[in-house]
Number of protein chains: 2
Amino acid sequence: MSLKSPSDQAKSKGLPPPTYHHGDLREALVQAGIEILEERGLAALTLRETARRAGVSHAAPYHHFSDKGALLTAIAARGFRMQHNAMAAAAQSTTDPGEGLQAYGLNYVSFAQNHPSLFRLMYTRECGPNTPPELAEASSGFYPKMVEGICAATGCSVEQASSISLLLWSTMHGLAMLWLDHQLLWEGHPPLDKLAYELSELLGRILQSPNPAP
Amino acid sequence: MSLKSPSDQAKSKGLPPPTYHHGDLREALVQAGIEILEERGLAALTLRETARRAGVSHAAPYHHFSDKGALLTAIAARGFRMQHNAMAAAAQSTTDPGEGLQAYGLNYVSFAQNHPSLFRLMYTRECGPNTPPELAEASSGFYPKMVEGICAATGCSVEQASSISLLLWSTMHGLAMLWLDHQLLWEGHPPLDKLAYELSELLGRILQSPNPAP
DNA sequence: CGGCAATCCTTACATTGTCAAGATGAGTTT
DNA sequence: AAACTCATCTTGACAATGTAAGGATTGCCG
């Protein structure tokens with residue numbers, strides 16, 4: 001009896017004894033996937049390993065996800081929700097619209113730093129032009145929220161705010177990505193937080209500078 | 001005789017008849033890899049498929065690359081060289097330092113648009129902290145070249161130019177990445193070139209705006 | 001209480017990365 | 001020029017992975 005059956009494994013983990021059928025496997029798989037991602041990186045995030053960690057046979061996930069891609073999509077969607085919550089909390093730590101916007105941006109790169117593999121998975125899914133609606137729904141929201149915040153902070157037109165919003169998003173996203181990919185390793189290589197703060201200060205000037213006619 | 005031997009395949013492709021031993025397999029593999037990448041995306045870039053396209057057995061690559069990762073690294077390095085050349089050419093199309101800098105940045109995202117999978121491979125290699133020297137050597141160069149260009153265009157200090165350089169790089173990189181990942185699909189979704197130009201114009205104002213003391 | 005449908009397991013197969021031996025030919029040495 | 005040597009290439013094998021088919025188990029609904 002050297003091999004334990006999947007259900008034995010699950011029970012031996014001390015988890016709340018599932019009524020059977022594992023209770024809510026879909027959720028458990030997503031959770032397990034995120035854990036693997038944070039502990040051992042994207043390369044270790046395999047379907048079978050996820051099932052193993054959830055204490056279930058390797059084909060069980062197919063009753064909840066049509067595909068490995070579907071699992072990854074669900075994990076990415078969960079990641080987007082996590083990031084949304086973290087950023088919203090950061091933005092609400094102040095009442096000043098300008099500071100709120102800055103906190104919003106800084107928290108964007110903080111999240112990338114704290115969850116490197118998850119962040120990469122979220123934004124690196126090569127799902128062609130047909131993005132799964134679950135993902136699209138979860139990932140949308142940054143842009144409109146930023147436009148709103150910029151309008152509140154500067155009182156400029158929605159059109160101008162759109163451009164500025166894209167600028168801020170691109171900058172923070174690019175900084176996070178470059179850091180994740182170890183591209184920011186020149187001499188001195190200050191910590192990521194410092195770089196992000198620098199850039200946010202630099203960008204802050206645009207918000208107050210005069211806007212010449214287009 | 002339905003199956004052709006690898007060498008037959010290579011010869012039937014009309015390539016310059018190799019003395020044998022394929023001539024320069026390492027180069028052929030990198031080339032084949034780039035082709036697969038552009039035609040069928042990153043998921044299709046498999047070691048065996050690359051060997052197949054190069055007209056060689058599936059284990060042959062191991063005599064030129066220690067690992068699949070090493071192949072990917074070589075392809076990425078090649079990509080960096082391609083991007084360097086393209087950007088340098090774009091920058092030299094004008095004599096005005098400001099315009100040159102703008103062309104430099106716009107070409108950065110153009111390259112990403114024209115070689116989506118290759119671009120992603122280049123910047124998405126999860127090679128931990130121990131980046132292979134071949135890659136590091138090939139990918140370095142953007143930053144110092146931009147700092148130099150910014151100094152020439154604005155006459156500001158090297159320190160300020162460093163911050164601005166990081167800002168430009170991050171912005172263009174982030175824009176390219178977000179576009180590649182289909183994150184820029186809100187209503188209207190203007191073409192990428194237009195967005196890049198918008199941002200470059202917006203950023204241009206920083207270069208001329210007064211710099212308050214730190 | 002009986003059947004149904006969902007959930008899960010087992011088995012199986014093609015593909016992939018990787019390794020270990022053999023074959024082959026190019027260049028060098030004698 | 002003949003023989004040797006070694007890098008290069010091929011063949012065959014193995015474990016791991018994604019995926020599909022069919023059988024077992026369980027909760028639920030009538």
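Each chain gets a letter, A, B and so on, in the order its sequence line appears, and its residues count up from 1. Computed from a predicted model, the values in this text were never measured in an experiment.
- Taking a 4.0 Å limit (strictly below) on heavy-atom distances, residues 39-47 of chain B does not reach DNA chain D anywhere.
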Step by step, would you call B/H115 with B/F111 a ring-ring contact (aromatic ring centres under 6.0 Å, His included)?
CA-CA 6 Å; B/H115 311 275; B/F111 186 88; 4.6 Å; yes
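- Counting to the nearest Å, the C1' atom of D/dT19 and the CG atom of A/D67 are 9 Å from each other.
- For A/F65, the CZ atom is densely surrounded, since the number of other residues' heavy atoms within 6.0 Å is greater than 12.
- A salt bridge is defined here as a Lys NZ or Arg NE, NH1 or NH2 lying under 4.0 Å from an Asp or Glu carboxylate O, and A/E49 with A/R52 meets this definition.
- The line from CG of A/L167 to CD of B/E198 is 10.5 Å long, rounded to the nearest 0.5 Å.
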Could you give me the CA-CA distance, side-chain angles and deciding distance for B/F119 and B/H173, then say whether ring-ring contact (aromatic ring centres under 6.0 Å, His included) is met?
CA-CA 10 Å; B/F119 184 86; B/H173 188 73; 5.7 Å; yes
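- Summarising the local packing, CD of B/E159 is surrounded by 12 or fewer heavy atoms from other residues, nucleotides or ligands at distances under 6.0 Å.
- One can place CZ of B/R52 at 14 Å from P of D/dT11, the figure rounded to the nearest angstrom.
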Might you list the N or O atoms of the protein lying below 3.5 Å from N or O atoms in nucleotides 11-13 of chain C, with each pair's distance?
| residue | atom | partner | partner atom | Å |
| --- | --- | --- | --- | --- |
| C/dT11 | O4 | A/H58 | NE2 | 2.9 |

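- Spacing between atom CG of B/L25 and atom P of C/dT24 amounts to 19 Å, rounded to whole angstrom units.
- Taking both residues in full, the closest heavy atoms of B/A176 and B/A112 are given as CB-CB, 3.7 Å, listed atom of the first, atom of the second, then distance.
- Separating the OH atom of A/Y62 from the P atom of C/dC9 is a distance of 15 Å, rounded to the nearest angstrom.
- Of the two residues near DNA chain C, B/K68 and B/H63, the one whose nearest nucleotide lies more 5' is B/K68.
- Computed from coordinates, the B/D24 CG to D/dA7 P distance equals 17 Å when rounded to whole Å.
- Heavy atoms of other residues, nucleotides or ligands lying less than 6.0 angstrom from CD of B/Q113 number more than 12.
- The nearest whole Å value for the distance from the CD atom in A/E49 to the C1' atom in D/dA15 is 15 Å.
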